[in-house]
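Single-structure report; data block below.
Nothing here was measured: the structure is a model prediction, and the numbers come from that model. Each chain gets a letter, A, B and so on, in the order its sequence line appears, and its residues count up from 1.
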Amino acid sequence: MSGEVTPIGVRHLTVRYGSRAAVDDVSLAVPPGGVYALLGRNGAGKSSLVRCLLGQQKPSSGRASLLGLDAWKDRAKAMRRTGVVPEDPDAPPGMTAPRIALFCSKLYPSWDAAGVAERFRRFEIPRDVPFGRLSKGQKGLVSLALALGHFPEVLILDDPTLGLDVVARKALFEELVSDLADRGTTVLLTTHDLAGVEGIADRVGILRGGRLVVDEEMETLKQKHAATASALEEIFVAVTGEDAGGGR
Amino acid sequence: MTGALLIAARELAERRTVLIAALVAGCLPFASPLFPGVRIDQAADARDAMALILAVSFSLGVALLLGATIVGRDLSEGRLGFDFSRPLGGGAIWAGRFLGALVTTLLVLAVVVLPTSLVGGGVFSSSLGDLVRPWSLALLGAVLVLLPLVHVVSIAFRSRSAWLGVDMVSAVVVLLVIGVAARRLFNAFAIGDLRLGLLVVGVVAILALWIASAVQVAGGRTDLRRGHRLQSIVLWSALIGTVVCFDGSTRWVVSADPGDLTSAFAVPAGRGDWAIVGGEARGRGDFAPAFLMDAGTGRFIRLGPALSMGNVHNALFSADGRRAVWLKVSGPRDLRTDTFFADLDRPEPRPREALITFSNPWIGVALSEDGRRLAALADGLLSVYELESGRILGSAKVAGPEKNGRPVLFFAGADRVRVVVFEHGIEIYEYQISSKRMEKTGEGSSVFARPSLSFDRRHDRILVRDLGGSRGSEMLDGRSGATLATFPTSEGGTKRQGHRFLNDGRIVFAERAGEATRLRVVSVEGQERSSIDLPVSGEEVWLGGEASPGKLIVAHGPRGPHVAGEASTILLVDVDTGEVREIARGLFPLMAFWRGTEVPAPGGAAARLFQSGDAVVYLDPIAGERSVLAGLPPSGSMQ
């Protein structure tokens, strides 16, 4: 990967639904190896922004890019080097995790079948239970295993811990931290789990009403609010003026 | 391609339970002999029939189900993101999912039929085989339509966007336009054109459905509303564009003018230059238009499809040439027959509908000399109408004509209609309009086995010619049927080839004896006056009209009229002086086919219109100048 290319970039991105702007002129950039936590209340525009980044939704204006590629026009190319963990795990419900992994293995030349199988084992994913019958936590962990299976340069996680129990959430973050430590993957994750990301994110963005009201280094943000808040959650409440809600 | 196949294989694997269900359904027909009412000797047919019914209903049901869910359900439940998060193009995702659905449906069809087919020869070799083969194509077509159609409908309803309104309005517009355009061709008897048009619209509709579904998936991705919008734009652009073209093409087809005719025929008026001209038109398929056309000026009036007028058999002119009347059926499936007329002496003649309607076109009609009255004979009932008002002036039952051949009727003056029935004998009836009285005025017997009737201009005399062995002729009184004269052939071995009443009442016979061909001229009283030898050797002779009083058009050629149209020579014969002059070649006089109930006036279209190959040619017999009125003449024939 060229050092000049911004792995995750958003420039003046706007998404409108009718007259309402879900994402309003947002710009952000995540440098190589960076971990960006995008925070916001429900309906703040996080998922719309993520869908634009994944090339699944065309922005009303502005541009989203992954690894220097236009996310809308070059989606398929970008996805070769990108791992995705969606908010709602969306694999085919009738297939077992190993069969889903087999399907994915044929799409990625660098697929690490052994690594994926090892993660399934570590996450205690049943081999013969269809994906649709797994628990929400198991589905999330399968999604993470699949997202990491091809050694992605970029990882996008859309509220991956939503609805997960404590054990599954812990497993997910441990895996993430481990992968980051190993390979320096660039990550953008949206989450309500502020405590979970506090230890891994090096930059934080906060969306409010579709606008990016905070885009700071984690440490800088903490220093700015040192007088009034010590934890990310307190900073979030201070910035948004409300409780984070829903995520914990 | 690989991505599409991978997805198709995945879809197939995910729906393996459907295939298992199909296999179970395929075994059910073996229980059919146990059904009440099925005899032992019917067991095989019952089994095959049940297998067929199950296969068709099962596969169509699966097509419906998959069409509704193959993309729509995953999209609305947020599962399509799995595919779009992979290095798969939108086209591959669409193709894979639809290929999977199509293969699943066809496999279901095959699996349901398979057990029955493996036992006892199966449906493809049984008595149902002939039924199966054509319908299997229809079933395949239905599957190809159902999958994208149900998908498109499913997306429209799932998106719940305002574009659903656009879909509904567009669907109504498309169906309306198709209906109107199809009806236009149907009523124009252009059934072949209609089939072709609907086939094209159908194929485009199927392609549009598939393309719209592809655009919805590839362009809309996981955005349901955007996908729906793109789908609607593609689908309705294609369909509305196609049906507008279809509508335009049907308008173009029925708007053919005489210049478009490639193969023309004509029925000239008895007086003046007007004629009914019809035929096949360039690029119009099986639509055969008919026109009322002024052969002198080229003015024309569209009459509609020639078939609606029984190939213009139900079109006639008044003897004074000032009015044309034609009867048209409403359509191929509606035999209601309406009456139209046009006044030809007006500067801009227009078709007018008379308030006269018949239940079918199989009627005999006659027009009074001034064209103001129409007589119609159907099912033994003679009715006389006033054309302008549609008022019925009188009607009467004609005794017995329905059991005989088709009667001939004509006006004998303004107040009388005469009906001549001639088959084994002759019966003549006369209806007086003013007194509303019908009477039988004459009857007699004929010695001829195959008589042909023609009448003089005033319908006072009937010439009966035997088309059978004797080739003789006799002249009867037009009212009483009494024999006025007989005309045996002039010598043994003479073949009589035709005759013509001249406008002044004389009769001209054309005869051939050996290599000699001559015209015999008979006076009004039935006495032979002169004989004119033609410079024709061993050829057929046909009599045309009078170019001027006493000057008769005669055609001769080597064989029948279709060949002779190109090979014949046109002579102008002065029946008073015996002068014979060649005036043209390669033409055939349309008068040769003239109906025998009327005698055209000299010098009109009846004498000037000729067939030349597929063209109707207007020829000035005196000056020898010719021009093509309609159709395509043989190359080089117009020089």
Q) If you count heavy-atom pairs under 4.5 Å between each of A/Gly94, A/Ala147, A/Pro92 and chain B, which one has the most? A) A/Pro92
Q: Check each of B/Arg225, B/His228, B/Arg226 against B/Ser161 using the side chain to side chain donor-acceptor pair (under 3.5 Å) test, and report the only one that passes.
A: B/His228
Q | Contacting moiety of A/Ile156, where chain B heavy atoms sit under 4.5 Å | A | neither
Q | Residue A/Pro86 versus chain B: region with a heavy atom under 4.5 Å | A | neither
Counting only pairs under 3.5 Å, give me each side-chain donor-acceptor contact of residues 65-74 of chain A, with atom names and distances, residues two or more places apart or in other chains.
{"residue": "A/Asp70", "atom": "OD1", "partner": "A/Trp72", "partner atom": "N", "Å": "2.9"}
{"residue": "A/Asp70", "atom": "OD1", "partner": "A/Lys73", "partner atom": "N", "Å": "2.9"}
{"residue": "A/Asp70", "atom": "OD2", "partner": "A/Arg63", "partner atom": "NE", "Å": "3.3"}

Q. Per the side-chain contact (heavy atoms from CB on, under 4.5 Å) rule, which among A/Ile125, A/Leu148, A/Leu141, A/Leu144 passes with A/Arg119?
A. A/Leu148
Q.
Surrounding CZ of A/Arg183 (heavy atoms of other residues, nucleotides or ligands, distance under 6.0 Å), is the total greater than 12?
A. yes
Q | Residue pairs involving residues 82-105 of chain B (criterion side chain to side chain donor-acceptor pair (under 3.5 Å); sequence neighbours excluded) | A | A/Gln56-B/Ser85, A/Tyr108-B/Arg86, B/Arg10-B/Asp83, B/Asp74-B/Arg97, B/Asp83-B/Arg97, B/Trp94-B/Ser213
Q. Any donor and acceptor pair, going by atom type alone, linking the side chain of A/Thr190 with main-chain N or O of A/Asp159 inside 3.5 Å?
A. yes
Q) For A/Pro89, is it the side chain, the backbone, both, or neither that has a heavy atom closer than 4.5 Å to a heavy atom of chain B? A) neither
**Q.** Option that, when pairs with chain B are counted at under 4.5 Å, heavy atom only, ranks first among A/Arg75, A/Met95, A/Glu87
**A.** A/Arg75
Q. A/Arg51, A/Arg99, A/Lys58: which one forms the most heavy-atom pairs within less than 4.5 Å of chain B?
A. A/Lys58
Q) Under a 4.5 Å heavy-atom cutoff, which of A/Gly83, A/Ala78, A/Pro93, A/Cys104 has the most pairs with chain B? A) A/Pro93
